[in-house]
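One structure is given below, encoded as C-alpha cells.
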Amino acid sequence: MLGAATAAHQVEGNNIYNDYWVQEQVPHSTFNEPSLDAVDHYNHYKEDIRLMAESGLNSYRFSVEWSRIQPEKDAWNEKEVEHYRDVLRCCHENGITPIVTMMHFSSPKWLISMGGWENPEVADLFASYCQRLVRELGDQMEYVCTINEANMRLQLAALIKEMMHRMSGQQKAADQEKTNSKESDVQVGINLNKENMMLGMMECAKAFGLENPMDMHTFVSQCTPEGDLLVMKAHEAARDAMKAECPHLKIGLTLSLHDMVARPGGESYAEKEWDDEFLHYLPYIKNDDFLGVQCYTRKFFDKNGGADMPEGAPRTQMGYEDYPAAIADVVRKVSESFKGDLIVTENGIATDDDARRCEFIKEAADSLQQCIADGIPLKGYMYWSLLDNFEWQKGFAMTFGLIAVDRSTQTRYPKESLKVLGSLIEK
Ligand code: BGC
C-alpha cells in the first residue's frame, strides 16, 4: 500500500464539538491560530481522494471524528455516519484502500468534562463508539487503527511537568530557553513559550466545566502512569469489540517512535528511551494484526542523557533534524520484537522546499524497500500529510503536504512531491 495520511481535526474544518475547538477559542489560547474551516476536507474529500488516485496512490489513511458521531454522550449522529460512509465509498470507487483511525488526538468535549483520558470509563465509552461505528460501516473497512500515537501521552507528561515547573517561577532563565527548544522533542505541534499559559489553561478548564486546570485530561495533556495504561485498555477493549462485530477487520494502533542514537556513554539512556517509547507497550499490542509505525526524526544520547543533534544538521520547519533514514532504522528495530505486519502510518517532512520533500520521500522509500528485501513484513507507507494542514498548536504554518491549499478559496495545488510519491508504486 502506498498512500498519504490526514487526521479529521487537522483537515475537515468546523469540528465544533471537540476539545481542540474549545482550547483554540479561549482568549488566551496556546494555539497560534484556530482551526476554523481548516482545509475544508469535509466538503472537498472527493477532490482530494481523486487527486490521490490520479497520482497513482492506492491507499488513504484518515480518521473519523468521534465528536461528530457523538456530539453529546448519549447522542449518535447518523448523518455524520453517512458522511464517513460516503468517504469510504469514494475511496473504493477510486481504487484506494482506506485505513481508518478511530481517534486521532481530538476527543468529544463531553469526554473531557467527565475526566477525559484519566477516567476509567473512557475504555468502555471508546470501545462502544468503535463497535457501533463498525457495525454500520465495517463492511467498507479493512484496516483500522484504534488510537493514533497511543504513546504520546507519556512523552508529553515529562515535558509538561517541566513547563509547570517553569510557570511556577522556579526555573532559571537559562533553563527556560532549553525548555522551549524541547517543543521539537515530541512529534505533535505544541507551544511551550506562550504568554499567559496558566490563564489560558484556567479559561479552558472553565469551558470544560472543570474547576481545576489539573483535572483537564485531553489526550494531548499531562498523564499519570495509570492514564498511560488506560489508553492501552481502551485500545484492547475497542479492538476486541470491533473484532466481535467484524472479524474481517485488521486492527492495530499507531505509535510515535524515534530513531535512538547512542554516542559513547549514552547507550543506557537510549535503551531506556526506547523502552519507554516502545517496548513498554508490547504486551498490549502483541496480538494486534498490525502495528502503525510513525517516525519523523532521530534523537541523540551521550553520557549526560539527551544530547543535541550534530552541529549544522539540516532542520525541518518543526525544529527537529531532517533525517529521512530514521524511518527504516525504526522499522528494523521494531521488527526485532513485534512479529506482526507493519505499516508506516506516518512519515514526512515539514518544509516549504518541495524539491527537498521529493528527495526525502525517495530516500525514505529506498531505505524501506531494503527492509522489505530483508524480509521485514512491511505492508505499506503513508506519507504525512496529503494536504498542508492544521499542525495543532502551531497552526497552519507547518507545511507537510503533498498538496498546498489556498485557504481563502480552498483551492488545491498539487505539488511535484505528490507525483513523485505516486510514481513509486509498482504497476
Ligand atoms: C501526528 C500528526 C501530526 C504529525 C506531524 C504526528 O505526531 O499524528 O497529527 O500532524 O505528527 O507533526
Side-chain angles (χ1 to χ4, degrees), residues 3-13 15 18-20 23-24 31-33 35 38-39 41 60-66 99-107 145-156 159 182-192 218-221 231 235 252-259 277-278 291-299 315-324 326-327 330 343-352 357 360-361 364 381-403 405:
T6 62
H9 189 71
Q10 295 180 265
V11 293
E12 285 182 346
N15 278 315
N18 77 22
D19 54 348
Y20 272 92
Q23 296 171 81
E24 289 157 27
F31 286 70
N32 289 353
E33 54 188 322
S35 56
V39 287
H41 183 61
Y60 177 35
R61 174 177 177 239
F62 65 93
S63 75
V64 172
E65 174 60 38
W66 184 2
I99 302 177
V100 181
T101 305
M102 293 295 185
M103 207 288 293
H104 191 124
F105 291 163
S106 52
S107 309
C145 308
T146 54
I147 297 174
N148 181 63
E149 297 190 340
N151 57 347
M152 178 54 78
R153 304 196 69 219
L154 208 58
Q155 292 185 27
L156 273 166
L159 261 190
K182 288 202 169 164
E183 283 173 3
S184 57
D185 271 16
V186 284
Q187 185 46 52
V188 58
I190 54 165
N191 291 321
L192 294 177
T218 65
F219 192 81
V220 181
S221 69
V231 175
H235 162 66
L253 52 64
T254 83
L255 294 175
S256 161
L257 301 169
H258 291 86
D259 182 8
E277 207 170 83
F278 177 60
L291 172 65
V293 177
Q294 310 193 166
C295 167
Y296 289 78
T297 194
R298 59 180 172 173
K299 277 187 184 175
R315 286 170 189 253
T316 75
Q317 289 170 334
M318 295 287 282
Y320 47 72
E321 190 189 6
D322 167 358
Y323 185 70
I327 184 66
V330 163
I343 301 175
V344 172
T345 38
E346 282 184 32
N347 170 249
I349 179 170
T351 175
D352 56 10
R357 188 182 339 274
F360 183 99
I361 289 173
Y381 176 84
M382 302 301 122
Y383 176 83
W384 182 273
S385 176
L386 178 63
L387 300 149
D388 284 343
N389 65 36
F390 182 68
E391 181 55 32
W392 309 110
Q393 296 192 8
K394 298 280 181 210
F396 292 97
M398 305 288 115
T399 48
F400 281 92
L402 302 168
I403 300 174
V405 182

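In listed order, ligands and their atoms are each counted from 1.
Partners of A7 under the side-chain contact (heavy atoms from CB on, under 4.5 Å) rule, at least two apart in sequence or in another chain, are Q10, S63, H104, W384. Take D388 and apply the salt bridge (charged side-chain N to carboxylate O under 4.0 Å, His left out) test, not counting sequence neighbours, and it matches K415.
Across F31, F62, Y20, W66, a single residue satisfies ring-ring contact (aromatic ring centres under 6.0 Å, His included) together with H9, and that is Y20. Among N151, N347, N148, the one residue that satisfies the side chain to side chain donor-acceptor pair (under 3.5 Å) test with Q294 is N148.
Within ligand 1, counting atoms from 1 as listed, the ones closer than 4.0 Å to a heavy atom of H104 are 1 (C), 2 (C), 8 (O), 9 (O). Atoms of ligand 1 lying under 4.0 Å from at least one heavy atom of W392, given by number and element, are 2 (C), 3 (C), 9 (O), 10 (O).
Using the six-membered ring where Trp is involved, W392 and F390 have ring planes that are perpendicular, over 60° apart on the 30 and 60° scheme.
The closest non-hydrogen atom to atom 4 (C) of ligand 1, taken over F400, F105, Y296, Y320, comes from Y296.
At a heavy-atom distance under 4.0 Å, only side-chain atoms of M318, from C-beta outward, approach ligand 1. The proximity of N389 to ligand 1, defined as any non-hydrogen pair under 4.0 Å, does not occur for either the backbone or the side chain.
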